[in-house]
Amino acid sequence: MNFFNELSLKNKIFISSLGFILILSILIALFTRSLLITGLTGELKKRGVGIAQGIADSSRGYILTKNLAELTVLAYDARLGNRKDMVEYLIISDDQGNILAHTFTTGFPLNIEAIVKNQEYKKENITSIDVDRHSVFHVVVPVKEGIYTIGSVQVGLDKQHIENLISDLRLVFLSFLSMVSIIFFFLSHRLALHITRPVTALIRYADQITKGEFNIISKNDLDRQIFATGAKDDEITKLTDSFVKMTSQLIQASKMTNLEKMSAGIAHEINQPLNAIKMGSEYLCMMKERKQKIKEADFKMVLEEISTQVSRAAEIVGRLKRFSRKSDFSKEVIHINDCIRSVNKIIGRQIFLQNIDLILDLDESVPFVLAHNNRVEQVLFNLFTNARDAVNERIEKSKDIEKGRITISTFSDNNNVCVTVSDNGSGIEPDQMDSVFESFYTTKEMGEGMGLGLPIIKGIVKNYNGTITVESIPGSGTCFKIMFPSHSKENG
Amino acid sequence: MREGIICLICSFFLTVGGGACTSPQQSDIAPENRTGITSDEILIGSSLALGGHAGYLGTQMLQGAMSYIRHINETGGIHSRKIKVTFLDDRYNPAQCLYNTQKLILEKKVFALFCYVGTPTTVRIIPLVNEARIPLVGMFTGANRLRHPVNRYLINIRASYYQETQAAVDFIVKRKKFDKVAVFYQYDEYGFDGLRGTEIALKKYGMIPVAKGSYVRGTLDVEAGLEKIIQSDAQAVVMIGTYDSCAKFINLSMERNFSPLFHNVSFVGSKELARRLGSNGEGVIVTQVVPPPNFNHMAKPLPGVKDYITVLKKYYPDSKPSFVGLEGYLNARILVEGLTRVGKDITREKFIRAIESIDHYDLGIKNSLSFGKNDYQGLDNVYYTMIKQGKLVLIK
Ligand SMILES: Nc1ncnc2c1ncn2[C@@H]1O[C@H](COP(=O)(O)OP(=O)(O)OP(=O)(O)O)[C@@H](O)[C@H]1O
Ligand SMILES: [Mg+2]
């Protein structure tokens with residue numbers, strides 16, 4: 001059973017349908033056999049009675065004249081040709097049960113005289129007896145003259161004969177069954193393939209999602225690949241639809257949690273311009289109440305300040321909007337440092353408030369890369385929050401007083417643009433190293449982490465032909481490194 | 001994985017299929033059977049016509065055979081066993097022959113059957129011979145049905161009707177250079193055998209019978225057949241019949257001045273034929289499967305014939321030598337030869353193998369006898385005799 005469980009879906013279907021047809025074949029074979037046996041037994045008895053009746057008719061005169069020679073001829077004639085296989089023996093007896101003629105040539109069976117004597121020979125009957133370890137149907141047909149019985153014809157029909165007939169048929173039947181099975185072998189094989197191909201495709205995609213490769217999932221893509229397998233089943237189509245929907249929803253959900261995480265910092269961020277505006281507007285109100293004349297220059301300065309602060313708030317809101325928007329994988333020439341600074345603006349403040357140093361070590365001379373601002377920001381945002389979480393975890397767990405620190409540096413290396421995000425957080429255990437990029441892998445509490453951050457960003461990085469690697473020392477820190485091919489290289 | 005499953009299925013079918021193929025097969029080797037062999041006797045059974053219209057045949061044959069067997073028994077038997085022959089009269093009745101044979105095998109428990117007379121009688125008992133696997137040595141018939149298909153239990157000594165008609169055709173076509181050959185035959189199994197044999201022999205020369213005439217057994221209605229044959233202007237007539245109708249045929253055609261070469265086969269009963277023909281018999285040819293059993297005409301008698309006449313005189317002084325008697329005598333010679341070759345431990349299978357080993361055996365009748373693994377036809381050559389002044393004379 002274990003062996004069966006370990007099989008792939010295709011082979012399971014294949015084997016079970018094959019097993020089914022085999023069992024069915026065997027059942028049919030057994031059924032046909034029993035049908036044949038009953039049919040042939042009936043036929044054998046009928047023919048036996050027919051033969052006995054024929055002999056009874058012809059033997060009447062000879063029984064009366066006690067012509068033993070002619071009776072012997074009649075008896076032997078009943079066994080001529082291929083009837084010999086069927087008729088084991090034939091006995092003609094008189095009305096006392098004395099044997100007049102018979103077909104035993106080589107030896108007389110021991111019990112036969114008693115058997116013949118004890119027959120109820122006045123009417124036709126068939127009994128099943130053993131003669132010389134031979135199983136036979138013993139047919140008795142009376143020979144009548146007028147209404148009185150003058151003797152009987154007794155025929156032994158070999159039961160083995162039926163077996164022989166069946167064994168002749170067996171080969172034919174077996175080859176037929178084999179043919180059916182072989183046809184079904186290929187049919188079930190094809191069928192299993194047909195059924196499982198779309199499912200296999202879905203499973204493959206699910207696997208890819210687990211590995212963090214989200215970018216290949218688009219509904220059209222999936223549809224095309226699954227339809228290419230020839231499955232146009234409604235169920236399957238529905239399944240793919242919901243599958244695609246769910247994946248994109250998941251991705252979106254993970255983004256929403258990102259937004260939640262941002263909200264604290266953003267509140268603070270937006271508070272600042274609001275405070276400034278409030279201060280400006282209060283100042284203007286106060287001057288109005290006091291009916292004091294505001295200096296033209298002051299008035300202008302306050303209004304300008306309000307306007308600047310509004311723009312600043314609008315910029316923050318705009319960034320938020322941009323972040324939550326589903327964006328495609330279009331490519332633009334961007335500078336990686338811009339993205340870092342942008343993310344810093346969103347989350348830097350919050351990190352600072354949690355008493356963690358955020359150190360930017362940016363090499364301004366790094367080349368451009370082909371990517372999308374929004375996407376790269378998403379990547380960096382995730383790395384920042386992971387690092388922050390790790391630092392907090394360390395501090396919480398080990399009551400460590402070492403101040404948290406996150407360092408972001410950029411540099412170029414061999415036509416590649418590299419970004420490292422390192423922290424002095426809790427680190428990753430060596431045996432967990434491979435799991436961190438898997439979907440839904442998280443060490444964080446329910447509601448805090450979904451385990452989608454790293455897999456999603458791995459997908460994004462890969463989409464821009466970049467790589468992401470991680471190094472970590474448990475207890476002392478982690479360093480994620482992203483590498484993008486530089487744009488200038490691609491041009492050159 | 002896939003290969004594994006395919007292997008699994010293949011092996012399944014092989015086992016099932018193999019199981020079906022190994023149905024029990026009956027072996028053709030009979031178990032050694034010593035029925036009818038005691039410490040001092042070998043029981044032999046025979047059913048033949050001793051009374052009735054064919055009684056002469058059976059009696060003559062039995063006397064011929066018994067004279068030799070008695071001679072052997074008196075001179076020490078075979079490996080100190082005496083041969084005991086149980087004979088039952090069947091009056092040439094096939095039913096009686098079958099009944100007798102069943103009795104001989106089942107009740108008398110004889111070792112072998114011997115010296116059967118006639119085609120319809122002997123053909124009747126073939127199923128019994130096969131079932132009991134009992135050898136039957138020497139049959140007074142040349143019927144093809146006792147020779148084909150080859151049956152190792154039916155040991156034929158004399159030449160077949162096919163061989164006799166072949167010889168007749170050879171004589172007519174090769175020696176006499178005739179090319180118009182007619183066939184006159186009795187309308188029964190015996191006649192058909194002869195007709196077929198003649199046609200097969202003629203075919204070898206690229207010929208067919210120019211006319212075929214027949215009569216119904218037991219009747220003497222030969223006129224229609226005779227008319228047909230006269231019309232065909234045949235140069236020779238191969239005759240497969242019995243002495244009465246053949247004699248009538250020849251006498252009638254002589255009356256009508258139609259005198260082709262008349263060529264009869266041994267079964268006709270040559271002595272009686274010659275007697276009935278009288279002067280009309282001059283030049284009529286009869287093939288024989290054994291040489292003429294009298295040596296009055298010959299300077300030097302054949303040693304086999306001489307021995308026959310000697311033992312017959314000794315044991316049956318009243319009996320006259322005859323073709324049938326000589327045949328019985330020769331049958332006995334082969335029976336004894338076979339039994340002698342087996343040695344002390346006699347079984348039916350060993351006996352048949354001993355018979356098979358008889359090769360170019362000289363019976364002293366200028367006609368060597370051979371059996372073999374698939375050859376249960378002993379003598380292959382026939383003798384030509386011609387009626388000269390009412391006597392049968394051997395011609396070379
Ligand atoms: N800088 C880091 N230091 C230590 N562990 C880390 C670090 N980054 C990630 N991890 C580990 O990898 C796991 C997976 O991170 P991932 O970003 O994929 O999910 P998450 O942060 O738990 O949830 P979310 O979907 O909200 O990002 C984390 O739960 C954490 O255990
Ligand atoms: Mg995360």
Side-chain angles (χ1 to χ4, degrees), chain A residues 3 6-8 10-12 14-15 18-19 21-22 25-26 29 62 67-81 83-85 89 100-108 160 163-164 166-175 177-179 181-182 184-186 188-189 192-193, chain B residues 1-10 12-26 30-31 33 35-36 47 88-107 109-110 113 120-121 123-134 153 348:
Chain A
F3 166 76
E6 276 162 26
L7 291 174
S8 70
K10 189 194 81 193
N11 282 333
K12 270 183 200 163
F14 174 54
I15 285 184
L18 205 66
I21 196 69
L22 278 182
S25 309
I26 291 167
Y62 297 130
N67 188 336
L68 302 189
E70 288 297 345
L71 287 176
T72 308
V73 169
L74 279 177
Y76 269 102
D77 276 354
R79 292 193 69 213
L80 272 187
R83 278 202 283 189
K84 195 172 168 172
D85 303 329
Y89 56 81
L100 298 177
H102 59 85
T103 57
F104 300 106
T105 313
T106 45
F108 220 56
Q160 186 65 38
E163 284 296 320
N164 294 343
I166 288 174
S167 79
D168 286 349
L169 288 174
R170 195 180 301 161
L171 204 76
V172 180
F173 198 72
L174 217 91
S175 37
L177 276 189
S178 314
M179 227 174 60
S181 301
I182 285 168
F184 218 86
F185 178 83
F186 289 108
S188 62
H189 190 241
L193 261 180
Chain B
M1 182 67 236
R2 275 267 294 288
E3 283 69 25
I5 294 169
I6 293 170
C7 282
L8 206 88
I9 287 154
C10 287
F12 169 81
F13 282 116
L14 278 182
T15 33
V16 176
C21 290
T22 51
S23 52
Q25 257 183 6
Q26 247 181 19
N33 193 319
T35 310
S47 171
L88 301 172
D89 182 13
D90 61 27
R91 305 176 77 85
Y92 211 85
N93 175 358
Q96 192 64 40
C97 180
L98 176 78
Y99 182 72
N100 288 349
T101 306
Q102 189 188 33
K103 212 176 204 165
L104 287 171
I105 298 173
L106 189 62
E107 288 170 31
K109 300 207 181 303
V110 297
L113 301 171
T121 44
V123 164
R124 258 278 172 227
I125 67 151
I126 295 176
L128 273 73
V129 165
N130 289 337
E131 200 175 328
R133 294 170 193 265
I134 187 170
Y153 299 106
R348 283 178 181 164

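By convention in this document, chain letters (A, B, ...) are assigned in the order of the sequence lines, proteins followed by strands, and residues within each chain are numbered from 1.
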Under the ring-ring contact (aromatic ring centres under 6.0 Å, His included) test, residues paired with A/Tyr62 that sit two or more places apart: none
Chain A contact via B/Asp90 - which portion, at a heavy-atom distance below 4.5 Å: neither
Test side chain to side chain contact (heavy atoms under 4.5 Å, CB included) applied to A/Thr105 and B/Asn130, B/Ile134, B/Leu128, B/Val129, the passing residue: B/Leu128
For A/Phe104 against B/Leu106, the heavy-atom pair lying closest together: O-CD2, 3.4 Å
Test item: A/Glu70 and B/Gln96 side chains (from C-beta on) under 4.5 Å apart, heavy atoms: no
Any B/Arg124 side-chain heavy atom under 4.5 Å of A/Asp77 side chain: yes
Top contributor to chain B interface from A/Asn164, A/Thr106, A/Leu74, A/Leu68 [non-hydrogen pairs under 4.5 Å]: A/Leu68
Minimum heavy-atom distance A/Arg79-B/Glu131, with the two atoms named: NH1-OE1, 3.1 Å
Close side-chain approach of B/Pro94 to A/Val73, heavy-atom, < 4.5 Å: no
Side chain, backbone, both or neither of A/Thr103 within contact of chain B (heavy atoms, under 4.5 Å): backbone
Counterpart residues, ring-ring contact (aromatic ring centres under 6.0 Å, His included), relative to A/Tyr76 (two or more places apart): none
